[in-house]
Amino acid sequence: MKSYKINIRRQDFYEMVWDVVRMIPSGRVTTYGHIAEYLGTKRAARMVGYAMNASHSQPTIPAHRVVNRKGMLTGKHHFGSPDQMKKLLEAEGVQVLNDQVVGFDKLLWIPSKELL
DNA sequence: CTACTGACTCAAT
DNA sequence: GATTGAGCCAGTA
């Protein structure tokens, strides 16, 4: 694990986000806000989503495991197909109902707590 | 350089 | 409790 929280300003923001997302265990999900918080800037939740948009070049980024704080699949439309995200989640054992993660509170994976 | 936008979140009404 | 407005940072026009 790298020591973040200090170099955060812009340069490797995307890389850090990607690293965190890559660490998300299969069958678990996390939120933009938690990732941003882990990176130090809690208010950079939007940037996390922005980084996700740039993760298209990074096939190893399970962006489907990243949802908003309510567990809603807000970014599903940015996948190839709107059903892609749901499909990927279900393939990992995550139930998705009405664009929302079922049992989101249980499946929530917080980097700063789970990873430590 | 200023303005607008966005896979977000929080606070106030 | 649902809806609305403002704050936030980075990228693009």
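Values reported hereafter were calculated over all heavy atoms of this structure, with side chains retained and with hydrogens, waters and symmetry mates removed. Residue numbers begin at 1 in each chain, while the letters A, B, ... track the order of the sequences. Please read these numbers as outputs of a predicted model, since none were measured by experiment.
Scanning residues 86-109 of chain A for heavy-atom distances under 4.0 Å to DNA chain B yields an empty list.
Within 6.0 Å of CD in A:Glu90 there are more than 12 heavy atoms belonging to other residues, nucleotides or ligands.
One atom, CE of A:Met72, and another, P of C:dA2, lie 13 Å apart when rounded to the nearest Å.
The CE atom of A:Met47 lies 9.0 Å from the OG1 atom of A:Thr41; values are rounded to the nearest 0.5 Å.
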Could you give the side-chain donor-acceptor pairs of residues 53-69 of chain A under 3.5 Å, partners two or more places apart or in another chain?
{"from": "A:Ser55", "atom 1": "OG", "to": "A:Met52", "atom 2": "O", "distance (Å)": "2.4"}
{"from": "A:Thr60", "atom 1": "OG1", "to": "A:Arg22", "atom 2": "NH1", "distance (Å)": "3.2"}
{"from": "A:His64", "atom 1": "NE2", "to": "A:Glu92", "atom 2": "OE2", "distance (Å)": "3.0"}
{"from": "A:Arg65", "atom 1": "NE", "to": "A:Glu92", "atom 2": "OE1", "distance (Å)": "2.9"}
{"from": "A:Arg65", "atom 1": "NE", "to": "A:Glu92", "atom 2": "OE2", "distance (Å)": "3.1"}
{"from": "A:Arg65", "atom 1": "NH1", "to": "A:Ile24", "atom 2": "O", "distance (Å)": "2.8"}
{"from": "A:Arg65", "atom 1": "NH2", "to": "A:Glu92", "atom 2": "OE2", "distance (Å)": "2.7"}
{"from": "A:Asn68", "atom 1": "OD1", "to": "A:Lys70", "atom 2": "N", "distance (Å)": "3.2"}
{"from": "A:Asn68", "atom 1": "OD1", "to": "A:Gly71", "atom 2": "N", "distance (Å)": "3.1"}
{"from": "A:Asn68", "atom 1": "OD1", "to": "A:Met72", "atom 2": "N", "distance (Å)": "2.7"}

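For A:Ala51, the side-chain contact (heavy atoms from CB on, under 4.5 Å) criterion is met by A:Tyr14, A:Val17, A:Trp18, not counting sequence neighbours. Contacts of A:Thr31 classified as side chain to side chain donor-acceptor pair (under 3.5 Å), with partners at least two apart in sequence or in another chain: A:His34.
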- [ ] Check step by step if side-chain contact (heavy atoms from CB on, under 4.5 Å) holds for A:Val94 and A:Phe104.
- [x] CA-CA 9 Å; A:Val94 179; A:Phe104 165 71; over 6 Å; no
- [ ] Treat primed atoms plus P, OP1 and OP2 as sugar-phosphate and everything else as base, then score nucleotides 5-12 of chain B 5' to 3': B for base contact with protein heavy atoms under 4.0 Å, S for sugar-phosphate contact only, - for none.
- [x] -BBBSS--
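Residue pairs meeting the side chain to side chain donor-acceptor pair (under 3.5 Å) criterion with at least one partner in residues 97-109 of chain A, sequence neighbours excluded, are A:Lys76-A:Asp99.
When all heavy atoms are compared, the tightest approach of A:Ala45 to A:Ala36 is N-CB, 3.6 Å.
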